[in-house]
K.L.:
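If you scroll down you'll find the structure; I have some questions about it.
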Amino acid sequence: MAPSVAELKGEELPNPIAGLKSKLSYPFYYPYFDVNEKFPPTQLFEHIDAGVNADPAKPNLLTPNTTTRNISPYIGTEITGVQISQLGKEGLDELALFAAERKVLLFRDQDFKDIGPERQIAIARHFGPIQRHPTSGNVKGYPEFHVVYRDPEHDEFREYRGRDQVSGVSWHSDISYEKQPPSTTFFFILDQPGVGGDTLFLSQVEAYRRLSPEFQKRLEGLRAVHSAVYQAEFSERRGGPVRREPVETEHPLVRKHPVTGEKALYVNQGFTRRIVGFKKEESDLILNFLFDHIAKGADFQIRAVYAPGTVVVWDNRVTAHSATVDFENTILRHAVRLTPQAEVPIPA
Ligand code: SIN
């Protein structure tokens, strides 16, 4: 996962009064954390995907005013001429279906960042209960927001990965350790570098399709452990919050999308630790091959480039992503994620 500023020590946070907060375009979303904030363990819930109800023609989303441009054949569509904030139930259902089909949608020129936290949360909640992150910076009074923040003094990504890494690229699928990991996820940018700070995405459906039928067969039926432990330990070491006891959850290595029926690899270097029933070397061999396979798949990856007003919506079940920290460390980047949870993964 992308760590957030919550993983920094409280006393190291920039002092808002002292200045940095006043430079933010949206200081309301300044990352907030309270080491005493605690959440109960996540409860299982029944989930019916919004996309199930959608009209496949998507008349409310893809109106005559809407323009779409596919970024790559397998993943990613840029959309202009429609406001997410104006969509009713039918439009949001269609958005869920379209995100499942195209994996990532880049909505341009949105008013989403200006509609206020209640409406933002209500829209995201259409897709499922919103995860309250156990360690990341949230917004005071609104634990549904996951704040991604970097300023000249706080380089959260590098801290999380370790400063001696040759690359800051870190493929992951958000909070995959949850029993019911997320689906239609919203990410909106508030302050961004002039150039850089893009998000990389890949299609786990296409990554799976590239494997030989024999290898696919071997993977189907396997389960892997996804762990929140490292994230929690990292936060604890830095004096940050651990709002919920870290969980370790088994998920199928290949999952089926509840609406499209597509099969997707469900492993990511961020959280997947071992294959159940395999010895360590066997598990490492297969997982490292799969991590390498998806990381190298430039022909099923895209780069989401932000502009003011961009909202990116992705289906976490069939994608992995990574931030790129390719901009000078004097530059501020500030974004917010809303992460609705979905079904218990369906084995392929
Ligand atoms: C995330 O991993 O959720 C955020 C990606 C980014 O910061 O570009």
Side-chain angles (χ1 to χ4, degrees), residues 1-8 24 26 29 31 71 75-76 99 103-107 112-113 120 124 127 130-139 144-151 154-161 165 167-178 181-202 204 226 228 230-231 234-235 268-272 294-295 301-308 310-327 329 331-342:
M1 74 125 219
S4 77
V5 80
E7 289 149 347
L8 301 169
L24 304 184
Y26 289 81
Y29 297 95
I71 300 167
I75 175 170
K103 320 309 186 253
V104 181
L105 305 175
L106 274 78
F107 288 91
F112 197 79
K113 59 183 167 23
Q120 290 160 346
F127 306 92
I130 298 170
Q131 198 238 15
R132 296 184 299 167
H133 201 281
T135 62
S136 75
N138 56 30
V139 173
E144 294 88 349
F145 290 106
H146 163 93
V147 180
V148 174
Y149 179 82
R150 178 190 194 252
D151 71 27
H154 298 90
D155 193 342
E156 56 196 81
F157 292 104
R158 211 162 284 158
E159 293 288 337
Y160 190 72
R161 293 261 299 155
Q165 303 273 334
S167 166
V169 173
S170 173
W171 290 106
H172 62 280
S173 169
D174 292 325
I175 57 164
S176 65
Y177 49 75
E178 293 285 9
S183 55
T184 316
T185 299
F186 286 68
F187 187 76
F188 54 105
I189 200 90
L190 303 172
D191 282 304
Q192 65 188 91
V195 181
D198 310 332
T199 310
L200 309 175
F201 288 93
L202 63 85
Q204 291 276 41
H226 296 240
Y230 176 76
Q231 189 182 74
F234 181 84
S235 187
N268 71 87
Q269 203 151 13
F271 298 115
T272 315
I294 65 173
Q301 297 171 2
I302 59 158
R303 203 175 179 103
V305 180
Y306 296 99
T310 298
V311 177
V312 176
V313 179
W314 67 85
D315 192 323
N316 246 302
R317 296 168 288 198
V318 287
T319 54
H321 60 274
S322 171
T324 52
V325 190
D326 56 353
F327 48 96
N329 66 2
I331 292 172
L332 179 76
R333 182 172 184 265
H334 190 195
V336 177
R337 193 179 82 203
L338 285 164
T339 320
Q341 290 181 245

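Small disclaimer: the values here were computed from a predicted structure and weren't measured. Below, all heavy atoms of this structure are taken into account, side chains as well, without hydrogens, waters or symmetry copies. Ligands are counted one by one from 1 in listed order, and the atoms in each one are counted from 1 as well.
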K.L.:
Looking only at side-chain N and O atoms, does T339 offer a donor or acceptor that is under 3.5 Å from a partner on D174?
P.N.:
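No, no side-chain donor-acceptor pair sits under 3.5 Å.
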K.L.:
So for ligand 1, is S322 a polar contact partner (N or O within less than 3.5 Å, distance only)?
P.N.:
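N/O-N/O distance below 3.5 Å does not exist for this pair.
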K.L.:
Partners of F201 by ring-ring contact (aromatic ring centres under 6.0 Å, His included), sequence neighbours excluded?
P.N.:
W314, H321
K.L.:
Please list, in number order, the atoms of ligand 1 under 4.0 Å from a heavy atom of V148.
P.N.:
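Matching atoms, with element in brackets: 7 (O).
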K.L.:
Using a distance-only test with no angle check, is there a side-chain donor-acceptor pair under 3.5 angstrom linking S173 and N316?
P.N.:
yes
K.L.:
Considering the heavy atoms of T199, write down every atom of ligand 1 situated less than 4.0 Å from one of them.
P.N.:
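Reading through ligand 1 atom by atom, the close ones are 5 (C), 6 (C), 8 (O).
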K.L.:
For ligand 1, which atoms sit closer than 4.0 Å to a heavy atom of F187?
P.N.:
4 (C), 6 (C), 7 (O)
K.L.:
Check this for me - ligand 1, W314, N or O atoms closer than 3.5 angstrom, yes or no?
P.N.:
no
K.L.:
Using only atom types and a distance under 3.5 Å, with no angle test, would you say the side chain of T185 pairs donor to acceptor with the backbone of S183?
P.N.:
yes
K.L.:
Side chain, backbone, both or neither: which part of H146 has a heavy atom under 4.0 Å from ligand 1?
P.N.:
neither
K.L.:
Where on T324 is there a heavy atom closer than 4.0 Å to ligand 1, on the side chain, on the backbone, on both, or on neither?
P.N.:
neither
K.L.:
Where the closest heavy atom to atom 7 (O) of ligand 1 is concerned, which of H172, R333, R337 has it?
P.N.:
R333
K.L.:
So, using salt bridge (Lys or Arg N to Asp or Glu O under 4.0 Å) as the criterion, who are the partners of D191 when residues are at least two apart?
P.N.:
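D191: no salt bridge (Lys or Arg N to Asp or Glu O under 4.0 Å) contacts found.
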K.L.:
Looking at H321, which atoms of ligand 1 are within less than 4.0 Å of one of its heavy atoms?
P.N.:
1 (C), 2 (O), 3 (O)
K.L.:
List ligand 1 atoms under 4.0 Å from D174, heavy atoms only on the residue side.
P.N.:
2 (O), 3 (O)
K.L.:
Tell me which one of T319, V104, V318, I294 satisfies side-chain contact (heavy atoms from CB on, under 4.5 Å) with L202.
P.N.:
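Going through the options one by one, the only one that passes is I294.
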K.L.:
Determine whether K113 and L190 satisfy the following criterion, side chain to side chain contact (heavy atoms under 4.5 Å, CB included), listing intermediate values before the conclusion.
P.N.:
CA-CA 7 Å; K113 59 183 167 23; L190 303 172; 3.8 Å; yes
